[in-house]
Amino acid sequence: MRILALALLIAAPVAAQDAPTKAQGLAAWDEIYAVTSHPRCTNCHVDEGGVPMWNGLIYGADTVHGMHVQADESRVGAETLPCRTCHIGAASVNATPHAPPMIDDAWRLPPVELAWFGKSSKDVCEQLRDPETNDGFAMDGVASHLETSAFVAWGFNPGAGRSEPPGTLDEMVVALNLWAAAGTPCANDP
Ligand code: HEC
Ligand code: HEC
C-alpha cells in the first residue's frame with residue numbers, strides 16, 4: 001500500500017508537467033553518484049575479488065578489510081570466515097568505534113554485477129540503469145530498495161565516527177525518481 005501510494009505521489013507531478021530534461025536527469029545522476037561512490041557504499045560494492053574495504057577512521061583511503069577477510073563466491077565468506085562471525089545480523093546502535101557494524105540483516109557483499117568500487121560515474125550510471133547489472137530491477141524497484149534496505153539505512157547513518165555520504169536518503173530517492181523520469185541518461189549517451 002505504502003509503495004503504491006508513493007508511486008502515485010511520484011507519478012502525479014511528472015504526469016502533470018513535462019518530463020524532466022536530459023540535463024536535469026544528468027544533474028540528478030551526479031547527486032546519485034556522489035552517494036554510490038562514497039566509501040560507506042563502495043566498501044561493500046566491490047568486484048569478484050570479494051575483499052571488502054575499510055576507509056576513513058584511522059585507515060586512510062581504501063585499505064583492504066583487516067584479518068584477511070574474504071567474501072569469496074558466496075559473498076558472505078562461507079568458504080572461510082563468515083561475515084556473521086563478527087557482523088552479527090541484529091540491529092545495533094553502532095556507536096562504538098572500531099566495532100564491526102551490525103544491522104538487522106545478514107552482513108554480506110552485493111552480487112558481483114553491482115561492483116562500483118573505483119568505477120567512473122559513466123560506468124556506474126550504465127550499470128544502475130540496466131536490470132542485467134542492477135540486480136534485476138526496474139527503477140521503481142531500485143528506489144524501493146533504497147528506502148527499505150538495512151544496508152543503505154546504515155550507510156546514511158553509520159555512527160562511530162564514520163563519514164556519511166552527501167545529502168539524505170530522501171534526497172537520493174527524489175534524485176533517482178527524477179533521473180528515471182528523464183529516461184536514465186548517462187554521460188556521452190548519443
Ligand atoms: C554491508 C554491505 C553493503 C553496504 C555497506 C551497502 N550495500 Fe548496497 N547492497 C548490498 C547487498 C547485499 C545488495 C543486494 C541486495 C540485497 O541482498 O539486499 C545491495 C544492493 C544494492 C542496490 C541494488 C538494488 C537491489 O535491490 O539489489 C543498490 C541501489 C544499493 N545496494 C545501494 C547502496 C547504497 C546507496 C549504499 C550506501 C549508502 C549501499 N548500497 C551500501 C550490500 C551493501
Ligand atoms: C573477524 C571479524 C570480522 C569478520 C569475519 C568480518 N568483519 Fe567486517 N569488520 C570487522 C571490524 C572489527 C570492522 C570495523 C573496523 C574498524 O572500524 O576499525 C569491520 C568493518 C567492515 C566494513 C567497513 C564498514 C565501513 O564502511 O566503515 C565492511 C564493508 C565490512 N566490514 C565487510 C565485511 C564483510 C563483507 C565480511 C564477510 C565477507 C566481513 N566484513 C567479515 C570485523 C570483521
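When reading the values below, keep in mind they use all heavy atoms of this one structure, side chains included, and skip hydrogens, waters and symmetry mates. Counting starts at 1 for both ligands and their atoms, in listed order. All residue numbers refer to positions in the sequence shown, counting from 1.
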Fill in: Any N or O of Q70 closer than 3.5 Å to N or O of ligand 2
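Min N/O separation from ligand 2 is not below 3.5 Å for Q70.
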Worksheet item: Any N or O of H98 that comes nearer than 3.5 Å to an N or O of ligand 2?
Response: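 It does: an N or O of H98 is found under 3.5 Å from an N or O of ligand 2.
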Do you know the tightest heavy-atom contact between [X] and [Y]?
X	Y	answer
M102	I88	CB-O, 3.4 Å
V35	P166	CG2-O, 3.7 Å
R129	P131	O-CD, 3.6 Å
P165	H38	CA-CD2, 3.5 Å
G77	S74	N-OG, 3.2 Å
E31	E171	OE1-O, 4.3 Å

For ligand 2, which atoms have a heavy atom of [X] less than 4.0 angstrom away?
X	answer
P82	5 (C)
A71	38 (C)
A99	14 (C)
L57	17 (O)
Y59	15 (C), 16 (C), 18 (O)

Of the protein's non-hydrogen atoms, which lies at the shortest distance from [atom], and what is that distance?
atom	result
atom 15 (C) of ligand 1	D135 OD2, 3.6 Å
atom 24 (C) of ligand 2	W154 CH2, 3.6 Å
atom 5 (C) of ligand 1	R40 O, 3.2 Å
atom 32 (C) of ligand 1	W116 CH2, 3.4 Å
atom 27 (O) of ligand 2	R162 NE, 2.6 Å
atom 26 (O) of ligand 2	N43 ND2, 2.7 Å
atom 20 (C) of ligand 2	W54 NE1, 2.9 Å

Enumerated ligand 1 atoms positioned under 4.0 Å from heavy atoms of [X]:
X	value
F137	25 (C), 26 (O), 27 (O)
M172	35 (C)
P111	14 (C)
R108	1 (C), 2 (C), 12 (C), 16 (C), 17 (O), 18 (O), 42 (C)

With rounding to the nearest 0.5 angstrom, report the [atom1] to [atom2] distance, [X] to [Y].
X	Y	atom1	atom2	value
L81	Q70	CG	CD	11.0 Å
D189	K122	CG	NZ	7.5 Å
E132	E113	CD	CD	9.0 Å

Would [X] end up clustered with [Y] when hydrophobic side chains under 4.5 Å apart are linked, directly or stepwise?
X	Y	result
Y33	L176	yes
L128	V173	yes
L114	V152	yes
V142	V112	no

Worksheet entry | Passing candidate, side-chain hydrogen bond (donor to acceptor under 3.5 Å, both in side chains) with N55, options N43, D62, T42 |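 Between N55 and the candidates, side-chain hydrogen bond (donor to acceptor under 3.5 Å, both in side chains) is satisfied uniquely by D62.
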Item to complete: Please list, in chain and residue-number order, the protein N/O/S atoms closer than 2.8 Å to atom 8 (Fe) of ligand 1.
Response: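 Checking every protein N, O and S atom gives H45 NE2.
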Discussion item. Closer than 2.8 Å to atom 8 (Fe) of ligand 2: how many protein N, O or S atoms are there?
Written reply: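 For atom 8 (Fe) of ligand 2, protein nitrogen, oxygen or sulfur atoms under 2.8 Å: 2.
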Worksheet item: Is the shortest distance from a heavy atom of L109 to ligand 1 less than 4.0 Å?
Response: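 Under 4.0 Å: yes for L109.
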Discussion item. Side chains of M53 and F117, heavy atoms from C-beta outward: is any pair under 4.5 Å?
Written reply: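 Of all side-chain heavy-atom pairs linking F117 with M53, at least one is under 4.5 Å.
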Fill in: Beyond-backbone contact of N134 with Q127, side-chain heavy atoms, under 4.5 angstrom
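Not in contact.
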Item to complete: Give a yes/no on ligand 2: does G66 have at least one heavy atom closer than 4.0 angstrom to it?
Response: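 No, G66 has no heavy atom closer than 4.0 Å to ligand 2.
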Worksheet entry | Min heavy-atom dist M53 to ligand 2 below 4.0 Å |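 Judged by the 4.0 Å heavy-atom criterion, M53 does count as contacting ligand 2.
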Worksheet item: More than 12 foreign heavy atoms under 6.0 Å from CZ of R75: is that the case here?
Response: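 Enclosed.
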Worksheet item: Around H68, counting heavy atoms of other residues, nucleotides and ligands shown, do more than 12 lie under 6.0 Å from its NE2?
Response: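 Counting neighbours around NE2 of H68, 12 or fewer heavy atoms of other residues, nucleotides or ligands fall under 6.0 Å, so no.
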Worksheet item: Going by the angle between their ring planes, with limits at 30° and 60°, are W154 and W107 parallel, tilted or perpendicular?
Response: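 If you compare the ring of W154 with that of W107, the planes turn out perpendicular.
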Discussion item. Could you check whether any side-chain N or O of R40 sits under 3.5 Å from a backbone N or O of F156, counting only pairs where one atom can act as donor and the other as acceptor?
Written reply: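 Not confirmed, R40 side chain does not pair with F156 backbone.
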